[in-house]
Amino acid sequence: MTTPPVHDEAPAPRVLAFDDNNLLASLYGWHDRHLVRIEQELGVSLTCRGNQVSVAGPSEPAGTAVLVLNGLYGRLKDGLTVGPAEVEAMLRMAGDPSISSTEVKTSRRRITPRTLNQARYLKTLTTSSMVFALGPAGTGKTYLAVAVAVAMLEAGDVDRIVLSRPAVEAGERLGFLPGDLREKVDPYLRPLYDALYDTMPADKANRRLASDDIEVAPLAFMRGRTLSNAFVILDEAQNTSRMQMKMFLTRLGENARMVVTGDLTQIDLPEGQVSGLADAVRILESVKDIEVVTFTDVDVVRHPLVAKIVRAWDADDRQEAP
């Protein structure tokens, strides 16, 4: 007589109860789409009855689903929004204790990281005097730096913010644009204005801009200056020359922080010219108190197609490389 094999019983479903019924529509999503997304990603089954959600599945993914649901509900209890982007972020970071308290508060927004790299970047921005942030578009390099700068300005930790970009022509000619010099270069600086107005009320931002507490200027305007008691950000730094980068980095004054962001796969410099950003990272990566944070397509937090585009482009570049 043979003994039938013993099968481990599936763990009993875990039941979560949420005490505020007014938040459940936002937690579950339109037609329960947030719950469906969690099921798809983790391979669990979620069943909701009133203010309770039953989580069925293997122990590890079920435990992750519990963390995700509790994390999203915690956001709602704190007055924050929950949408598809927040669900994706919570799925990426669930269970990592290092990011539980990472956030930036400005007068307009409360900003939390959406990937582990973003969480580490935020911490680095608050502890290091000079940070290089490298990676593809949509990873939050510039936006998070501006958010931290605004928070520090509003808290009185710095006296001013300086936002800069190289006005490099990517196939277009500055001379053909209408207007004076400011009107010609403003389109190149628009992404910096966008990040600023998203983290600070427009009237307050305009007052700060008018009083020069916040300055948005092309890189060429930085020459010969010493930037003290300031939070300084250089965006699109892959389009600097070697000498421009050296000039900018040596502007750092007392009680100042400097963040340099860029994507080394999108260089618009003339063929054969070395990117100042690539050169600076190579030379300074081992210097104490200088931090380099590298983002990948995993950190892209725009439309999901953006991450797929980045991956496809990178794969094509690898095939074409000698």
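Predicted, not measured: the structure shown is a model, and the values here were computed from it.
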- [ ] Start with the C-alpha gap between D203 and N206, add the side-chain angles, then the distance that decides, and say whether side-chain contact (heavy atoms from CB on, under 4.5 Å) holds.
- [x] CA-CA 5 Å; D203 58 339; N206 289 334; 5.6 Å; no
- [ ] Report the C-alpha distance between L196 and I214 in whole Å, list the side-chain angles of each, state the deciding distance to 0.1 Å, and finish with yes or no for side-chain contact (heavy atoms from CB on, under 4.5 Å).
- [x] CA-CA 9 Å; L196 178 63; I214 301 175; 3.7 Å; yes
TODO: Please step through side-chain contact (heavy atoms from CB on, under 4.5 Å) for the pair R160 and L227, ending with a clear verdict.
DONE: CA-CA 9 Å; R160 58 199 308 249; L227 302 172; 4.2 Å; yes
Task: M90/L69 under side-chain contact (heavy atoms from CB on, under 4.5 Å): CA gap, chis, key distance, verdict - done: CA-CA 9 Å; M90 201 64 69; L69 288 166; over 6 Å; no
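When all heavy atoms of V104 and A147 are compared, the closest pair comes out as CG1-O, 3.6 Å. Shortest non-hydrogen contact noted between V150 and M200 is CG1-CE, 3.6 Å. P136 and V300 make their closest contact through CG-CG2, 4.3 Å (heavy atoms, listed as atom of the first residue, atom of the second, distance). Taking every heavy atom of both residues into account, A145 and V259 meet most closely at CB-CG1, 4.0 Å. For the pair P166 and E236, the tightest heavy-atom approach, listed with the atom from each and the gap, is CG-O, 3.4 Å. Smallest separation of non-hydrogen atoms from P11 and S59: CG-OG, 3.8 Å.
At a threshold of 4.5 Å between non-hydrogen side-chain atoms, the residues P218 and R165 do not count as touching. Counting heavy atoms from C-beta on, the side chains of Y193 and V216 come closer than 4.5 Å. Side-chain atoms of D159 and L153, non-hydrogen and from C-beta on, never get closer than 4.5 Å to each other. Within the 4.5 Å cutoff, the side chain of F231 has no heavy atoms near those of the D157 side chain. Two residues are said to be in side-chain contact when any heavy atoms from C-beta on lie closer than 4.5 Å; F248 and V260 meet this criterion. Here the side chains of N239 and L277 are not in contact, with every heavy-atom distance at 4.5 Å or above. No side-chain heavy atom of M258 sits less than 4.5 Å from a side-chain heavy atom of V131. Looking only at side-chain heavy atoms (C-beta outward), L284 and L249 come within less than 4.5 Å of each other.
Side chain of Y28 to main chain of L35: no donor-acceptor pair is present (N/O by atom type, distance under 3.5 Å, no hydrogens or angles). With Q118 contributing its side chain and R114 its backbone, the two residues share a donor-acceptor pair below 3.5 Å. Panel note: side chain S275, backbone Q238; a donor-acceptor pair is recorded below 3.5 Å. Checking side-chain atoms of K105 against main-chain N and O of A151 turns up no donor-acceptor pair under 3.5 Å. Between the side chain of E215 and the backbone N or O of L163 there is no donor-acceptor pair closer than 3.5 Å. In this structure, the side chain of R75 does not engage the main chain of G71 through any donor-acceptor pair within 3.5 Å. Remark: the backbone N or O of A217 is paired with a side-chain donor or acceptor of S164 at under 3.5 angstrom. Side chain of S128 to backbone of M130: no donor-acceptor contact under 3.5 angstrom is found. For Y73 (side chain) and D19 (main-chain N/O), a donor-acceptor pair under 3.5 Å exists by modelled atom type. With hydrogens and angles disregarded, no donor-acceptor distance shorter than 3.5 Å links the side chain of T47 to the backbone of S54.
Salt-bridge formation is detected for the pair R109/D198: a Lys NZ or Arg NE/NH1/NH2 atom is positioned less than 4.0 Å from an Asp or Glu carboxylate oxygen. Ionic pairing of D32 and R37 is not present here: no N-O contact between side-chain nitrogen and carboxylate oxygen is shorter than 4.0 angstrom.
Heavy atoms from other residues, nucleotides or ligands lying under 6.0 Å from CD of E254 number 12 at most. The 12-atom threshold is exceeded at CD of Q273, counting heavy atoms of other residues, nucleotides or ligands nearer than 6.0 Å.
Taking OG1 from T112 and CZ from R110, the interatomic distance works out to 8.0 Å, rounded to the nearest 0.5 Å. Rounded to the nearest 0.5 Å, atoms OG1 (T250) and CZ (R225) are 13.0 Å apart. For the atom pair I161 CD1 and D213 CG, the distance stands at 9.0 Å (nearest 0.5 Å). Note that CG of L91 is 5.5 Å distant from CG of L42, once rounded to the nearest 0.5 Å. Separation of atoms CE (M245) and OG1 (T240) is listed at 3.5 Å; rounding is to 0.5 Å. In this structure, the separation between OG1 on T124 and CG on L144 is 11.5 Å, given to the nearest 0.5 Å.
The cluster map of Ile, Leu, Val, Met, Phe, Trp and Tyr, joined by side-chain heavy atoms under 4.5 Å apart, puts V87 and L80 in different clusters. Both V287 and F132 are members of a single hydrophobic cluster when ILVMFWY side chains are connected at heavy-atom separations under 4.5 Å. Note: the hydrophobic cluster containing F221 also contains V232 (ILVMFWY, side chain heavy atoms under 4.5 Å, direct or indirect links). Cluster annotation: I283 is connected to L234 through the hydrophobic network of ILVMFWY side chains, with a link wherever side-chain heavy atoms come within less than 4.5 Å.
Counted by atom type alone, E154 and S107 present one or more donor-acceptor pairs between their side chains at under 3.5 Å. Using modelled atom types, one finds no donor on one side chain facing an acceptor on the other under 3.5 Å when comparing D289 with S129.
Tested against H34, the residues V82, V68, L27 include a single side-chain contact (heavy atoms from CB on, under 4.5 Å) partner, V82. Partner of D299 under the side-chain contact (heavy atoms from CB on, under 4.5 Å) criterion, out of V293, N117, T294: N117 alone.
Partners of R108 according to the side-chain contact (heavy atoms from CB on, under 4.5 Å) rule, which considers only residues two or more places apart in sequence or in another chain, are T106, P201. For V274, the side-chain contact (heavy atoms from CB on, under 4.5 Å) partners at least two apart in sequence or on another chain are D279.
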